Protein chains: 2
Amino acid sequence: MPTPRFFADKICPVRAKRERRKEARPGELLAAALDLFVEKGFAATRAEEVAARAGVSKGTLFLYFPSKEELFKAVVVENLGGRFAEWNDEFEAFEGTTADMLRYCMRVWWERVGMTKASGLTKLMMSEGTNFPELAEFYRKEVVRPGHTLLRRILQRGIDRGEFAPVDIDHAIYAVVAPMVFLMLWKHSAMVCVDAETSLDPEKYLATQAETVLYGLTRQPGAAA
Amino acid sequence: MPTPRFFADKICPVRAKRERRKEARPGELLAAALDLFVEKGFAATRAEEVAARAGVSKGTLFLYFPSKEELFKAVVVENLGGRFAEWNDEFEAFEGTTADMLRYCMRVWWERVGMTKASGLTKLMMSEGTNFPELAEFYRKEVVRPGHTLLRRILQRGIDRGEFAPVDIDHAIYAVVAPMVFLMLWKHSAMVCVDAETSLDPEKYLATQAETVLYGLTRQPGAAA
DNA sequence: TACATTACTAACCAGCGAGTCATTAAAATC
DNA sequence: GATTTTAATGACTCGCTGGTTAGTAATGTA
């Protein structure tokens, strides 16, 4: 049995509220966790800090999520993994040239992920994945693979319709993904010098990269890498 | 005064060697530190592990480097910062078109940094820079700024000679740096799926990116971003 | 062999952070 | 109002790691 405790804080008449809001807690904790994970990384984010930002104590955090790793997984599902179903449907229904489809895909990705806080999760996984193999595997399964599948479907459509050359699809996927990943990493790195604030307009950069890839895709095989 | 210690290990007659090699230690420690920092990141690398890999005890490590941060700085200088003087001279003496100069610069960078372990230091700083502001500042001063200066000199030469359009040099620098940084990050990330081993041939990717940038540089201003 | 120097070691310390649990108090129910 | 239920708390444990230092032994010198 632990030693007895003091109640010195009883002398303070205006106690902080101790509200019971079972419904709202998980969402608030997930939001706080996203903020801090993106800001400081997984390892460097302390559970108590997440709890504090969500307005609860550390004990409460572990009441809703069994561990820090499970909390992170929940953040990933909420912000990335859980949204692929909807995106798949959206692209399934797309009508128009596949080139436009690819342009639309990259633009919409930028608007819904790249320019949001969620992009920090990708940077985080690329940074710390090796130190947390289970999280890395989870992320690959929930985010990387669905993303690749989506892109593969688009590229395959282009080839099937004769709009694209029959390139090596795996190569092409990486050619599309590379500039998007780069932007996420760049945005969240501390290496952006202050004297270069105006550099690297994301939309323009992405558009240029898209045209480069499409140029390669519409020519002879192997030119897309 | 601390409590007295045991000497139970005296009973073991075959003690591990306790060699005195003052000259060799720093180099061995730096090599071990580079390995581990690149492999696990700065925060996740334990000082004792670095010492063990270098074949000494933790106490010896702190005999040669006053702190983990100073050890890291020494690694950065040894592998990146201390080599810019030589590189600057090399490019000062370059003869030929500036387009070739830029191609040569990117290729030589890949051979001497990108494909070596040293590239992991860049990934590390982009990952953990925000958590260690002093290291980030040091890295910017020792690596980022010299690198940008070198690139700026090349681009300026191209403009002065009328080979390049008078583009915004800061934009152009980032257009050149982006693919190199991306390759370093990609190479050291855990997000590379096993089913895509053959994808993204670095040399080919870099060459393609170089031509894209040069295409922009030789046209009207502003097209290089 | 005796003594001095110093590279090296390992036990130690202090602080930190994930996860636990006995206790508290806000609701719900009677 | 009395009683039960359970959301919430925060003091606690425990393991880990950067950094310290008293002590050890390899080497040099006589």
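Each chain gets a letter, A, B and so on, in the order the sequences are listed, and its residues count up from 1. What's counted below: heavy atoms across the whole structure, side chains too, no hydrogens, waters or symmetry copies. What you see is a predicted model, and the numbers here were worked out from it, not measured in a lab.
Atom CD of A:Glu23 and atom P of D:dA7 are 9 Å apart (whole Å). Counting to the nearest Å, the P atom of D:dG18 and the CG atom of B:Leu61 are 9 Å from each other. Between the CG atom of B:Leu63 and the P atom of D:dT21 there is a distance of 13 Å, rounded to whole Å. Between the CD atom of A:Glu49 and the P atom of D:dG10 there is a distance of 17 Å, rounded to whole Å.
The heavy-atom pair separating A:Ala178 from B:Tyr205 by the smallest distance is CB-OH, 3.9 Å.
Defined by atom type and a distance below 3.5 Å, a donor-acceptor pair is missing between the side-chain atoms of A:Tyr64 and A:Glu28. If you check the side chains of A:Glu90 and A:Tyr104, you find a donor sitting under 3.5 Å from an acceptor.
Counting non-hydrogen atoms of other residues, nucleotides and ligands closer than 6.0 Å to CD of A:Glu48 gives a total of 12 or fewer.
Distances shorter than 4.0 Å separate some side-chain N or O of A:Arg25 from OP1 or OP2 on D:dA8. At the phosphate of C:dC8, OP1 or OP2 sits under 4.0 Å from a side-chain N or O atom of B:Tyr64.
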Begin from the C-alpha positions of B:Leu217 and B:Leu102 and carry the test side chain to side chain contact (heavy atoms under 4.5 Å, CB included) through to its verdict. CA-CA 11 Å; B:Leu217 279 173; B:Leu102 194 62; 4.1 Å; yes
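The base of C:dA25 does not come close enough to the side chain of A:Arg18 for any donor and acceptor atom to sit less than 3.5 Å apart.
Residue order along DNA chain C, read from the 5' end via each residue's closest nucleotide, puts B:Thr60 first among B:Thr60 and A:Arg20.
Between A:Tyr174 and B:Trp186, the distance separating the two ring centers is shorter than 6.0 angstrom.
Interface residues of residues 28-39 of chain B facing DNA chain C, ordered by number: none; criterion, heavy-atom separation under 4.0 Å.
Ring-plane geometry between B:Trp87 and B:Phe84 is classed as perpendicular, the angle between the planes exceeding 60 degrees on a 0 to 90 degree scale with a lower cut at 30.
Of the charged side-chain nitrogens involved, none lies within less than 4.0 Å of a carboxylate oxygen, so that B:Glu86 and B:Arg83 do not count as a salt-bridged pair.
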With 3.5 Å as the limit, what N/O pairs link the protein to nucleotides 15-19 of chain C?
{"residue": "C:dG17", "atom": "OP1", "partner": "A:Arg46", "partner atom": "NE", "Å": "3.3"}
{"residue": "C:dA18", "atom": "OP1", "partner": "A:Thr45", "partner atom": "O", "Å": "3.1"}
{"residue": "C:dA18", "atom": "OP1", "partner": "A:Ala47", "partner atom": "N", "Å": "3.4"}
{"residue": "C:dA18", "atom": "OP1", "partner": "A:Lys68", "partner atom": "NZ", "Å": "3.2"}
{"residue": "C:dA18", "atom": "OP2", "partner": "A:Ala47", "partner atom": "N", "Å": "2.9"}
{"residue": "C:dA18", "atom": "N7", "partner": "A:Lys58", "partner atom": "NZ", "Å": "3.1"}
{"residue": "C:dG19", "atom": "OP2", "partner": "A:Lys68", "partner atom": "N", "Å": "2.9"}
{"residue": "C:dG19", "atom": "N7", "partner": "A:Lys58", "partner atom": "NZ", "Å": "3.2"}
{"residue": "C:dG19", "atom": "O6", "partner": "A:Lys58", "partner atom": "NZ", "Å": "2.5"}

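Shown here are the ring-ring contact (aromatic ring centres under 6.0 Å, His included) partners of B:Phe72, two or more places apart in sequence or in another chain: B:Phe37, B:Phe42.
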